[in-house]
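Keep in mind that the numbers below use all heavy atoms, side chains included, and drop hydrogens, waters and symmetry copies.
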Amino acid sequence: MTSSHMVGLIVVVFLLSMSFGLFMSSAPSGWQFSLDAKETSEEKEERDDPVVDLLCLKAMKEIGDGNYTKAIATYTKAIERDPKYAFAYIGRGDAYVLRGDLDSAIRDYTQATRLDPGNSAALERLQVTRMERAAK
């Protein structure tokens, strides 16, 4: 499967999940789709922002097309919108690596590990990039 097909598949899955979410929110009040029908304000705040997800998908496509500077700008917009989303830092770090800016990549991978200490992808990328920078 090519990268553009993979991105297309991800977009379709995302859009379908959004449609299902809209259906669920417009269901009659007597319908219950979860164990707890009432959502606390804290739970609402923890939900993903769909715009951030779309920005990250767009940035992934830019990386696939070789447009690393555009990808960095798009991931930056996602980070501005949700500065606690570790995936956006990982993606921007990947774009920095591909552009050859290892110091910026290390900063982003470090931030991703701070936000999500158990994220093995961020930890692995951080280690590899530090080793690559030390070898130069």
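Between the side chain of D65 and the backbone N or O of N67 there is no donor-acceptor pair closer than 3.5 Å.
Applying the salt bridge (Lys or Arg N to Asp or Glu O under 4.0 Å) test to residues at least two apart or on different chains, the pairs with a partner in residues 104-121 are R92-D108.
The side-chain hydrogen bond (donor to acceptor under 3.5 Å, both in side chains) check on R81 picks up D49, with sequence neighbours excluded. The side-chain contact (heavy atoms from CB on, under 4.5 Å) check on A95 picks up I63, A71, I72, with sequence neighbours excluded.
Here CE of M60 is found 5.0 Å from CZ of F87. Values are rounded to the nearest 0.5 Å. Between the CG atom of L98 and the OG1 atom of T69 there is a distance of 11.0 Å, given to the nearest 0.5 Å.
In plain terms, the two heavy atoms of A105 and G93 that are nearest each other are CB-O, 3.4 Å.
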Please list every donor-acceptor pair under 3.5 Å in which a side-chain atom of residues 128-136 meets a protein atom from a residue at least two apart or in another chain.
unit_1: T129; atom_1: OG1; unit_2: R125; atom_2: O; d: 2.7
unit_1: R133; atom_1: NH1; unit_2: D103; atom_2: OD1; d: 2.8

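Other residues sharing the hydrophobic cluster of L115, ordered by chain and number and joined by side-chain separations under 4.5 Å: I79, Y89. Grouping Ile, Leu, Val, Met, Phe, Trp and Tyr by side-chain contacts under 4.5 Å, direct or through others, puts L126 with I90, V97, L102, I106, Y109.
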